[in-house]
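Worksheet: one structure, shown below.
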Amino acid sequence: MNTKALSSQLKDSIPIPELSTAYGGYGVQDTLRAGFTSVQSELLPSHPLELSEKNFQMNQEKVSFSTVRNIQGLHAPLKLQMEFKAAKQIQRLPFLQSSNIALDTLRGNDECIGFEDILSDPSECEMMGEPHMMMEHKLRLL
């Protein structure tokens with residue numbers, strides 16, 4: 001096969017746009033080459049307080065840690081963060097509903113009754129499934 005003849009034929013043919021671009025010649029995204037786009041990731045928050053509400057729990061913890069640090073010293077927030085990390089690692093089997101009572105107690109939410117306490121019935125949970133399959137999935141045996 002003559003490669004020089006082949007390259008000269010390619011030069012004379014219709015120019016092909018660069019294949020690495022995400023948009024085609026008409027400004028429409030080339031889904032086959034670039035994949036699907038997520039419109040949700042490109043949206044801006046619709047209200048200025050939306051970001052504040054999403055990060056409310058994290059902001060509350062930061063304020064609490066800084067207050068405890070000012071009152072009790074540097075060791076207190078470090079100890080609390082260690083306890084939070086240990087309480088987050090405690091889990092039931094994947095097919096059982098967890099109440100996360102240790103985290104609620106550390107955060108001070110154990111005496112508060114909220115929306116999720118009343119309307120979150122574990123018997124109506126969508127995660128109910130076959131225990132053996134769920135454990136095999138968690139242990140990555142499947």
Looking at [atom1] of [X] and [atom2] of [Y], how far apart are the two atoms once the value is rounded to the nearest 0.5 Å?
| X | Y | atom1 | atom2 | answer |
| --- | --- | --- | --- | --- |
| N70 | F65 | CG | CZ | 13.5 Å |
| E111 | T105 | CD | OG1 | 9.0 Å |
| E136 | E130 | CD | CD | 8.5 Å |
| N109 | L103 | CG | CG | 9.5 Å |
| L139 | M134 | CG | CE | 12.0 Å |

_Check for me, please, whether M82 and F84 land in the same ILVMFWY cluster - side-chain distances under 4.5 Å, paths through other members count._
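M82 and F84: separate clusters.
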
*Linking I/L/V/M/F/W/Y whenever any side-chain heavy atoms sit under 4.5 Å apart, do L74 and L80 land together?*
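No, L74 does not connect to L80 through the hydrophobic network.
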
_Quick test of your reading: applying side chain to side chain donor-acceptor pair (under 3.5 Å), list the pairs with at least one residue in residues 75-91, sequence neighbours left out, ordered by first then second residue._
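As it turns out, the side chain to side chain donor-acceptor pair (under 3.5 Å) pairs with a partner in residues 75-91, which skip direct neighbours, are Q91-K138.
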
*More than 12 foreign heavy atoms under 6.0 Å from CE of M133: is that the case here?*
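Atom CE in M133 is not crowded, with 12 or fewer foreign heavy atoms closer than 6.0 Å.
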
*asked:* Taking atom CD1 as the centre, does I113 end up with more than 12 heavy-atom neighbours from other residues, nucleotides or ligands that are less than 6.0 angstrom away?
replied: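 No, because the 6.0 Å sphere around CD1 of I113 holds 12 heavy atoms or fewer from other groups.
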
Heavy atoms only: give me the nearest [X]-[Y] pair and the separation to one decimal.
| X | Y | value |
| --- | --- | --- |
| L106 | A87 | CD1-CB, 4.0 Å |
| D104 | S99 | OD2-O, 3.8 Å |
| C112 | G108 | SG-O, 4.2 Å |
| S52 | N59 | O-ND2, 4.3 Å |

_Donor-acceptor contact below 3.5 Å, side chain T67 vs main chain V63_ =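 Yes: the side chain of T67 pairs with the backbone of V63.
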
*asked:* Suppose clustering is done on Ile, Leu, Val, Met, Phe, Trp and Tyr with side-chain heavy atoms closer than 4.5 Å. Which residues sit in the same group as L49?
replied: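 When side chains under 4.5 Å apart are linked, L49 ends up in no cluster with other residues.
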
_Check: Q60 and R107 side chains under 4.5 Å, non-hydrogen atoms_ =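 No, every pair of side-chain atoms sits at 4.5 Å or beyond.
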
